Amino acid sequence: MNGGDTILDVVHLSMRFGGIVAVKDLSFSARRGGITALIGPNGAGKTTVFNCITGFYKPTTGMMRLGHAGGREFLLERLFDFRIAKLARVARTFQNIRLFSGMTVLENLLVAQHNPLMSASGYTLLGLVGFPGYLHAERAAIDLARYWLDRIGLIERADDAAGNLPYGDQRRLEIARAMCADPVLLCLDEPAAGLNAQESGALNDFLQFIRGEHKVSILLIEHDMSVVMEISDHVIVLDYGEKIADGSPRAIRDDPKVIAAYLGVADERTAEAIMEADQ
Amino acid sequence: MADTTVPPPSSISGPRLGRAVRSALITAVVGAGLFSLMIGVRTEAGPAGGLVFWTRWTELGWMVAASFVAGFVREIVIQRSGEGVLEALMPAAFKRFINVVARLLGPALLAFAVLMPIIFYDQRYILDLGILALTYVMLGWGLNIVVGLAGLLDLGYVAFYAVGAYSYALFSTTFGLSFWLCLPIAGILAAFWGVLLGFPVLRLKGDYLAIVTLAFGEIIRLVIVNWQSLTGGPNGITGIPRPSFFGVPFSAGPEGFAELFGIAFSPTHRIVFLFYVILALALLTNWVTIRLRRLPIGRAWEALREDEIACRSLGINTTTTKLTAFATGAMFGGFAGAFFATRQGFISPESFSFQESALVLAIVVLGGMGSQLGVALAAVTMIGGFELFRGLDQYRMLVFGMAMVAIMVWRPRGLIGSRTPSIYLKTPTQISASLVKEGHG
């Protein structure tokens with residue numbers, strides 16, 4: 001039993017802030033082991049969807065069902081903030097990086113392993129007296145951190161403050177930190193924002209690696225079309241809080257509604273120009 | 001990046017001089033407003049019981065002139081060398097000196113503290129002062145967990161100090177329990193009150209949290225004042241048992257400590273014993289804090305101070321994490337309170353006013369939030385300083401005000417603002433104070 005093909009099922013999700021409808025009756029599903037991209041113009045409601053999925057907002061209506069490979073299912077709209085990360089194992093990154101800037105790179109990755117370490121330390125009491133089981137768990141946690149630091153090429157800077165890293169390194173560290181929380185679904189809010197072409201190429205490889213080696217499904221918001229088109233299996237397009245298209249990257253690229261949403265017009269020639277530019 | 005080239009120093013003239021004069025004038029006007037009541041008018045109870053007052057315009061004039069000159073000099077210095085120069089003004093040699101000293105200072109201070117009762121055996125005044133300073137070191141370390149590590153601004157810390165003191169006083173006078181039995185009870189009760197207070201208020205942030213904790217401190221004090229039947233109200237509790245050497249009293253009789261060890265009786269024995277008790281309690285606080293920082297809970301506290309939203313996204317239960325910080329800090333406050341009660345032998349609500357909270361918070365902030373050594377230094381300096389400047393009488397507070405302003409200008413994150421990582425792979429590197437956040441909850 002593998003809990004089905006879809007990892008996340010979002011059904012009739014709506015989010016209203018007073019009179020403003022940020023997300024309106026959105027339904028989509030993300031495939032297990034796939035990379036699903038959520039795109040759309042600024043203010044389309046992408047980050048709101050993310051905040052609903054990761055428990056920072058309580059959706060006005062709708063259901064979000066997350067299935068683990070073992071068959072366990074979680075209704076995310078019923079879990080309260082940190083429990084989504086802890087129990088349903090959904091990890092996320094933020095549009096404006098949120099690292100613990102005054103802590104070292106290594107400490108950032110250890111904080112992400114808080115829950116397993118906490119129970120290993122006997123909720124602090126055993127750890128306080130130096131219980132060997134805790135020391136063992138801590139070594140394992142450091143090894144995991146070391147593994148991810150190796151992957152993102154920051155092992156040499158493990159003892160530096162996270163706030164001292166260059167921007168691109170901070171982005172990668174945030175993804176590594178989310179991975180240290182041992183997620184089944186990784187939600188990335190604009191991971192390629194502010195990266196140059198070479199860095200976003202490396203990011204593509206890194207995300208492919210996470211998906212391939214660690215069997216983690218990825219849901220990402222992205223403006224960088226080179227990332228979206230190259231790595232995602234499935235693209236969902238939002239505009240004014242509504243889904244206007246849903247399909248493979250190729251199908252999305254040719255969808256006149258998508259082109260109209262991005263450019264404001266549905267012009268045959270503009271569409272062709274965009275296709276050429278993308279290729 | 002911002003342009004970092006320093007403009008060449010130019011002669012001061014025209015608009016720049018005007019700006020400096022204007023800024024100095026503003027400083028002088030503010031100074032005049034503040035000092036006119038503090039220094040310009042002096043009041044005293046007259047012979048008939050009424051209030052008499054007289055004016056001191058000359059002194060006021062001098063103060064205003066001094067603030068004008070200080071404001072002018074400050075503005076000129078900033079103009080000549082750019083913003084941030086006040087921090088740079090601190091000589092580099094002094095900074096290096098601090099760094100070198102910082103490494104040796106901890107062990108040196110500890111050794112000095114252990115030897116103090118031997119060195120100053122016959123100077124009771126100094127030993128009493130040492131006990132007082134160590135009490136504040138312990139309180140500072142306790143509050144450091146809440147404010148320095150978890151970044152929660154607590155203005156009512158004295159409430160837990162009071163809970164500890166009254167727990168010991170009541171349990172020992174009513175049930176005759178010994179100090180060593182009451183100590184854990186006092187700590188547990190204080191931690192319990194910490195959780196009780198923390199539960200409803202920890203959803204608040206920043207200023208709001210500060211206001212509610214401030215109110216809590218006052219509520220506890222007012223309850224103590226008004227619950228006459230239990231706490232004795234403003235009269236306090238007298239006859240609190242003095243500490244005994246694990247059951248052996250420090251008395252001159254045949255059952256006493258001196259007799260038991262075959263030495264001549266001296267009242268100093270008890271003082272020395274008290275000194276070592278508070279030293280041990282303070283070191284326990286320090287040891288636990290250092291251990292906790294290296295455990296997941298301590299890292300979660302610091303992560304909470306850095307970014308609460310990121311903590312939630314990593315599955316950390318922020319509510320219980322904050323509560324544990326609050327309760328741990330409160331527990332050490334309770335221990336210190338129990339010690340305070342047994343040392344004084346008498347407690348009353350007066351000892352637990354807001355001023356105590358403010359003093360302990362000042363110790364933590366001036367020492368450097370999160371730094372154990374910094375807090376200890378600040379506590380010793382503040383308490384020792386209060387005594388040292390006793391001769392200055394009413395100007396004592398003025399000296400302290402100026403010292404605080406100077407520290408906040410030069411070292412805005414306290415004496416020791418840099419952060420030591422809790423774990424490292426190769427080499428531990430100090431994290432510069434500018435990166436470490438103060439927390440906002």
Side-chain angles (χ1 to χ4, degrees), chain A residues 54-56 81-87 89-94 97-108 110-121 123-124 127-130 134 138 141-142 145-146 149 155-156 158-164 174 177-178 180-183 187, chain B residues 148-149 151 203 284 287-321 324-325 327-328 369-370 413 417-439:
Chain A
T54 50
F56 284 87
D81 71 40
F82 73 94
R83 287 188 186 86
I84 290 185
K86 187 178 175 180
L87 304 174
R89 287 161 64 198
V90 177
R92 73 169 291 178
T93 65
F94 296 87
I97 305 171
R98 284 185 173 273
L99 287 170
F100 306 121
S101 59
M103 302 176 85
T104 67
V105 170
L106 179 64
E107 282 177 312
N108 268 273
L110 288 182
V111 170
Q113 304 176 53
H114 176 79
N115 287 320
L117 282 176
M118 200 65 186
S119 44
S121 73
Y123 297 90
T124 305
L128 200 58
V129 293
Y134 169 68
E138 191 184 38
I142 294 172
R146 209 196 287 263
L149 287 177
I155 191 82
E156 289 303 319
D159 298 325
D160 287 347
N164 265 343
E174 208 190 12
R177 187 180 68 180
C180 277
D182 189 27
C187 298
Chain B
L149 294 184
R203 69 193 63 199
L284 175 78
W287 180 80
V288 169
T289 310
I290 288 174
R291 291 288 300 201
L292 286 178
R293 268 198 76 210
R294 293 178 189 153
L295 286 169
I297 187 71
R299 284 197 204 105
W301 288 339
E302 292 200 82
L304 204 63
R305 179 193 66 206
E306 297 284 322
D307 194 326
E308 186 176 340
I309 288 178
C311 279
R312 281 165 56 186
S313 83
L314 294 170
I316 296 175
N317 185 343
T318 49
T319 312
T320 50
T321 307
T324 49
T328 314
M369 297 200 289
R413 287 245 347 147
S418 61
R419 177 177 173 272
T420 315
S422 64
I423 194 167
Y424 58 91
L425 275 189
K426 293 188 187 75
T427 44
T429 36
Q430 289 289 317
I431 294 169
S432 119
S434 58
L435 288 172
V436 184
K437 298 202 174 71
E438 288 92 11

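As the structure is a prediction and not an experimental result, all values here were calculated from the model.
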Chain A interface, residue from T319(B), L295(B), V288(B) that has the most non-hydrogen pairs under 4.5 Å: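 Highest number of heavy-atom pairs under 4.5 Å: L295(B).
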
Interface residue of largest heavy-atom contact number with chain A, from V436(B), I316(B), T324(B), under 4.5 Å: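 Most pairs with chain A among the choices: I316(B).
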
Heavy-atom pairs under 4.5 Å with chain B, option from L87(A), T104(A), V90(A) with the top count: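 Maximum pair count with chain B is reached by T104(A).
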
Looking at [X] and [Y], what are the two nearest heavy atoms and their distance?
X	Y	result
L314(B)	A181(A)	CD2-CB, 4.3 Å
G55(A)	R312(B)	O-NH2, 4.3 Å
K437(B)	S101(A)	NZ-OG, 2.8 Å
A310(B)	F100(A)	CB-CE2, 3.8 Å
Y134(A)	R294(B)	OH-O, 3.7 Å
S313(B)	R92(A)	CB-CG, 3.8 Å

Heavy-atom contact with chain A under 4.5 Å, split by part of R419(B):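 Side chain only.
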
Side-chain heavy atoms of I309(B) within contact of F56(A), under 4.5 Å: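 Yes, at least one pair of side-chain atoms sits under 4.5 Å.
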
Residues L425(B), I155(A); criterion side chain to side chain contact (heavy atoms under 4.5 Å, CB included); working and verdict: CA-CA 9 Å; L425(B) 275 189; I155(A) 191 82; 4.1 Å; yes

